[in-house]
Number of protein chains: 2
Amino acid sequence: MEIETSGALTQQCCVPRHRLTLDEIDHRLLDELQRDASRSLRVLGEKVGLSASAVQRRIDRYRSAKVLTRHVAVLDPRRTADIVLAVVLITLERESSGHHDAFRRRLLAVPEVQQAYDVAGEWDYVVLLAATGMDRHNELANHLFNDAPNVKRYTTMFVLDPLRTGTYLPTR
Amino acid sequence: MEIETSGALTQQCCVPRHRLTLDEIDHRLLDELQRDASRSLRVLGEKVGLSASAVQRRIDRYRSAKVLTRHVAVLDPRRTADIVLAVVLITLERESSGHHDAFRRRLLAVPEVQQAYDVAGEWDYVVLLAATGMDRHNELANHLFNDAPNVKRYTTMFVLDPLRTGTYLPTR
DNA sequence: TCTGAAAGTTTTCATCC
DNA sequence: GGATGAAAACTTTCAGA
C-alpha cells in the first residue's frame, strides 16, 4: 500500500490524506473488517499474514483516509420489535436546485431515514425508512413526503422480508 | 430487561432465547452501539449509567437473543474506488413459489448483493448492488436478472450520490 | 442484577529492521 | 513498510451485596 506522499520516513503529519492505493493484503483486511470487526488485531493479522501492529497501522490509514468511517453493531430487523421497513421512491418538482437541498436536509434530519440515495432516472431519490410501528411510519412519511413542499410524487414499497441487510462493499 | 425464563439464578443455558423485553437503558445502549461500537465497555457504561461489567452482560444478552448479530467496519462508498451502486427493482413471473426460492438463492450467493428485500406491491424485490466498476455491474446484472429464468421485468436506478448509508434501526 | 477488583488479553507505542 | 516487546488499557470473571 502506498500513500500519495514523497519522502521516506517523513510525513507522519495529521492532515488526512486520500486516495489510498490498496495492495492485496489491504483488500483482504478490508473484507475481513467488513464481515466481522470484533476480532483482535492478532487474529486479523493471522488471517492476512501480518503482525498485530502492522494490522493496526493499516487500519489507522484507512481511518485517516476516511475509507473506513466507523465500527457499528448491526441489529437484525427480524428480531427487533415492531420494525416497519419501507423503500420509498421520490420525485421532486423540476425547479431550482434549492428544492433538492431543502429536501435532503429534511431527510437527513430524521434518524429513521436509514439510507438515502440520489439516483438517476425517472425517480430522484430512494429512501429506506425504518420505523417502530405503522403509526410512526405514517407520521414520518407525512412529514417527509406529504408536508414537504416540493415532492411531486412518491411511492412506498413495504418490506415483507429483509433477505439481506448490511453495508458490505467490494474493494476490487 | 427481562428474558422469558422462570426461576431466578437458574437457566444460564446455551439455547438462545428470544423476545427480549428492553428497558430504558437497553434502548440507549443499543442506540449507542449502533452509532459507534468501537468504544470500551467503561465508556459505554458511562453513557448509560452502568458499570463496564453490567454493560458486557447486557451485550451478551442481545447477542444470544440474536437481536445484535454482528460488529462490522463500515466503508464510505464515496471513498471506495470505482464503486457503482445501483438500486434494482425486480418482478418475477407469477408461478410456483419455487421460482422465488431459486431467485433468492441466486441473489444471496452473490456478495455484491449488498441488500435484498422482499417487498409488497407492483415489484417483488428491491436489491442494492455494489460493484467495482460498470463492467462488473453489467456482469452481475446479466447473471442475476437476465440469465435468471423467472424474471419478468426489472429496472435499474444508478446511485448518483449515497446521501446516507447504514443499518441503524430505532428500538422504540 | 448490580458493583468492584483480580486475572488474563489486547492495544498502543517506541525502537529496530 | 514491517516486527518486536513492554506499558497502558481493556475485557473477562467472580465474589459480595
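Residue numbering restarts at 1 for every chain, and letters A, B, ... go by the order of the sequence lines. Every value quoted in this text rests on a predicted model; they were computed, and no experiment measured them.
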Exercise for the section: Could you tell me the separation between the CD1 atom of B/Ile25 and the C1' atom of C/dT1, rounded to a whole number of Å? Expected result: 11 Å

Handout entry: Phosphate contact (C/dT1 OP1 or OP2) by B/Arg61 side-chain N/O below 4.0 Å
Key = yes

Practice task
State plainly whether the residues A/Glu122 and A/Arg153 are in salt-bridge range, i.e. N to O under 4.0 Å.
Solution key: yes

Practice task
Determine, for A/Arg105 against A/Asp101, whether the closest basic-nitrogen to carboxylate-oxygen distance falls under 4.0 angstrom.
Solution key: no

Exercise for the section: Let me know the distance between CZ of A/Arg42 and P of D/dC10, rounded to the nearest Å. Expected result: 20 Å

Fill in the blank from the handout: Between CG of B/Leu41 and C1' of D/dT12 the distance, given in whole Å, is 9 Å

Exercise for the section: Output yes when at least one side-chain N/O atom of B/Arg58 is less than 4.0 Å from OP1 or OP2 of C/dC2, else no. Expected result: yes

Handout entry: Rounded interatomic separation in angstrom, taking CD from B/Gln56 and P from C/dT10
Key = 14 Å

Problem - Gap between atoms CD and P, on B/Glu24 and C/dT1 respectively (whole Å) - result: 17 Å

Practice task
May I ask you to decide if B/Glu32's main-chain N or O and B/Arg39's side chain share a donor-acceptor pair within less than 3.5 Å?
Solution key: yes

Problem - Spacing between B/Leu20 atom CG and C/dT1 atom C1', to the nearest angstrom - result: 15 Å

Exercise for the section: Check every strand shown and say whether B/Ser40 touches a base, only sugar-phosphate, or nothing at a heavy-atom separation below 4.0 Å. Expected result: sugar-phosphate

Completion exercise
The single option from A/Tyr125, A/Phe145, A/Trp123 that satisfies ring-ring contact (aromatic ring centres under 6.0 Å, His included) with A/Tyr154 is A/Phe145

Fill in the blank from the handout: On DNA chain C, more 5' by nearest nucleotide between A/Val43 and A/Ser53 is A/Val43

Exercise for the section: Give the rounded distance in Å between these two atoms: CG of A/Leu50 and P of C/dT11. Expected result: 15 Å

Handout entry: Nucleotide D/dT12, atom P - distance to CD1 of B/Ile59 in whole Å
Key = 9 Å

